[in-house]
Amino acid sequence: KANLDMVWEYAEESRRRNVSYGAYMLTFLVGGDYLKTPYDFTLAYDRKTDRLKTIRFISMADPKRQHDITAILKRLGATPGIRYIGMDYVRANTGGLEFTDEFLADMELDVPEALRVATVDTRRRWLGRQLAHDTDRRLQHQWDWWRAHRVSLVVKGILDEAKVTQPIWVFSLGWKQGHQHGQDPRMLDDAGVSFN
């Protein structure tokens with residue numbers, strides 16, 4: 001709340017002085033004691049323990065977080081003095097394994113029968129293991145593309161609902177253009193981002 005209060009104060013002063021001001025928010029990353037927040041967190045694979053674990057990035061599928069981001073975007077968009085709006089951590093980092101079944105179905109990947117009839121957590125661990133040990137480069141590229149596509153669809157949905165008129169910028173990772181974390185600059189541009 002203190003950060004939001006400062007945004008309004010800075011926006012008012014910027015408006016008064018006719019200075020361009022941009023406010024930005026963290027989107028799918030939570031600072032502080034993230035386990036106390038009401039969100040669903042993304043699943044990642046831990047190589048050391050061969051287990052799934054949650055990390056501090058919120059799942060891109062969490063409707064509450066999408067709603068909260070949309071609400072803040074609307075509020076920022078309606079604030080006089082804010083001329084640009086930015087979004088950071090628009091990714092699932094090393095997570096996203098909660099989408100394993102959707103990924104396998106969308107990409108029409110042929111997996112062994114034993115894996116098809118296994119539990120969803122078994123399939124998630126299998127995919128995490130494949131990606132972590134880099135055993136199948138083609139699978140890695142398909143996963144990177146699929147996650148970037150999913151991230152862009154989520155961003156597009158949020159921006160379409162928020163209907164802000166200010167230019168939107170996103171911080172994308174520069175290393176491999178963020179692909180390994182579910183980002184793709186061109187897909188994000190297509191989703192409605194003005195600056196990447």
Side-chain angles (χ1 to χ4, degrees), residues 1-44 53-96 98-99 147-196:
K1 184 169 183 335
N3 288 343
L4 284 174
D5 290 344
M6 289 304 296
V7 165
W8 319 138
E9 190 175 321
Y10 284 140
E12 174 56 31
E13 188 63 18
S14 298
R15 187 189 62 73
R16 194 175 68 73
R17 294 178 184 231
N18 198 29
V19 172
S20 292
Y21 173 65
Y24 85 99
M25 70 179 92
L26 298 182
T27 57
F28 291 93
L29 174 73
V30 174
D33 190 354
Y34 72 98
L35 295 175
K36 291 183 178 178
T37 66
Y39 300 117
D40 295 326
F41 288 84
T42 191
L43 286 176
K53 64 178 182 177
T54 56
I55 57 176
R56 74 172 48 246
F57 282 79
I58 300 165
S59 173
M60 299 300 278
D62 187 319
K64 178 165 179 27
R65 186 59 173 192
Q66 290 181 23
H67 172 78
D68 290 349
I69 291 169
T70 301
I72 298 259
L73 282 173
K74 287 179 179 179
R75 190 168 170 191
L76 292 174
T79 302
I82 293 181
R83 296 191 185 166
Y84 303 93
I85 300 173
M87 302 191 313
D88 201 0
Y89 294 98
V90 183
R91 62 181 192 264
N93 218 45
T94 57
E98 64 273 19
F99 294 114
R147 283 198 315 157
H149 183 251
R150 179 63 182 235
V151 166
S152 297
L153 289 175
V154 168
V155 169
K156 180 172 178 13
I158 288 170
L159 293 178
D160 285 352
E161 188 175 337
K163 294 179 176 52
V164 295
T165 58
Q166 294 92 332
I168 301 289
W169 86 83
V170 167
F171 290 110
S172 287
L173 293 173
W175 179 53
K176 293 186 181 177
Q177 295 182 321
H179 292 177
Q180 79 284 7
H181 289 288
Q183 293 178 314
D184 183 290
R186 289 185 176 151
M187 287 186 193
L188 287 168
D189 288 348
D190 287 346
V193 170
S194 305
F195 308 105
N196 205 313

Check [X] against [Y] and note the closest heavy-atom contact, atom names and distance.
| X | Y | value |
| --- | --- | --- |
| I55 | A44 | CG2-CB, 4.0 Å |
| G96 | T42 | N-OG1, 2.6 Å |
| L76 | A23 | CD2-CB, 4.1 Å |
| N18 | R83 | OD1-NH2, 2.8 Å |
| E98 | M60 | OE2-N, 4.3 Å |
| V193 | L159 | N-CD1, 4.2 Å |

Next item on the list: Identify, with sequence neighbours excluded, every residue that meets ring pair (Phe, Tyr, Trp, His ring centres under 6.0 Å) alongside F28.
Entry: none

Check: Residues in ring pair (Phe, Tyr, Trp, His ring centres under 6.0 Å) with Y24, at least two apart?
Finding: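 Y24 satisfies ring pair (Phe, Tyr, Trp, His ring centres under 6.0 Å) with F171 only.
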
Neighbour count >12 (heavy atoms, 6.0 Å) for atom [atom1], [X]:
| X | atom1 | result |
| --- | --- | --- |
| N3 | CG | no |
| E9 | CD | no |
| Y21 | OH | yes |
| F41 | CZ | yes |

Counting distance only, does the side-chain N/O of [X] pair as donor-acceptor with the main-chain N or O of [Y] below 3.5 Å?
| X | Y | answer |
| --- | --- | --- |
| N93 | G95 | no |
| T79 | R75 | yes |
| D40 | D62 | no |
| S194 | W169 | no |
| Q66 | V154 | no |

Checklist line | side chain to side chain contact (heavy atoms under 4.5 Å, CB included) against K156, all qualifying residues, sequence neighbours excluded | finding: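 Side chain to side chain contact (heavy atoms under 4.5 Å, CB included) list for K156, sorted by chain: D160, A191.
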
Could you grab the distance from atom [atom1] of [X] to atom [atom2] of [Y], nearest 0.5 Å is fine?
| X | Y | atom1 | atom2 | answer |
| --- | --- | --- | --- | --- |
| Q166 | Y84 | CD | OH | 10.5 Å |
| M87 | L73 | CE | CG | 6.0 Å |
| M25 | D68 | CE | CG | 10.5 Å |
| E161 | H67 | CD | NE2 | 8.0 Å |
| T27 | R65 | OG1 | CZ | 7.0 Å |
| M187 | R147 | CE | CZ | 12.0 Å |

Check: Side chains of S172 and N196: is there a donor and an acceptor less than 3.5 Å apart?
Finding: yes

Note to self: Looking only at the side chains, is there a donor atom on one of R56 and Y34 sitting less than 3.5 Å from an acceptor on the other?
What the structure shows: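 No, Y34 and R56 have no side-chain donor paired with an acceptor closer than 3.5 Å.
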
Check: Hey, mind stepping through S59 and F99 against side-chain contact (heavy atoms from CB on, under 4.5 Å) and telling me if it holds?
Finding: CA-CA 9 Å; S59 173; F99 294 114; 4.1 Å; yes

Next item on the list: Take D88 and L29 through the test side-chain contact (heavy atoms from CB on, under 4.5 Å) and record every step on the way to the result.
Entry: CA-CA 8 Å; D88 201 0; L29 174 73; over 6 Å; no

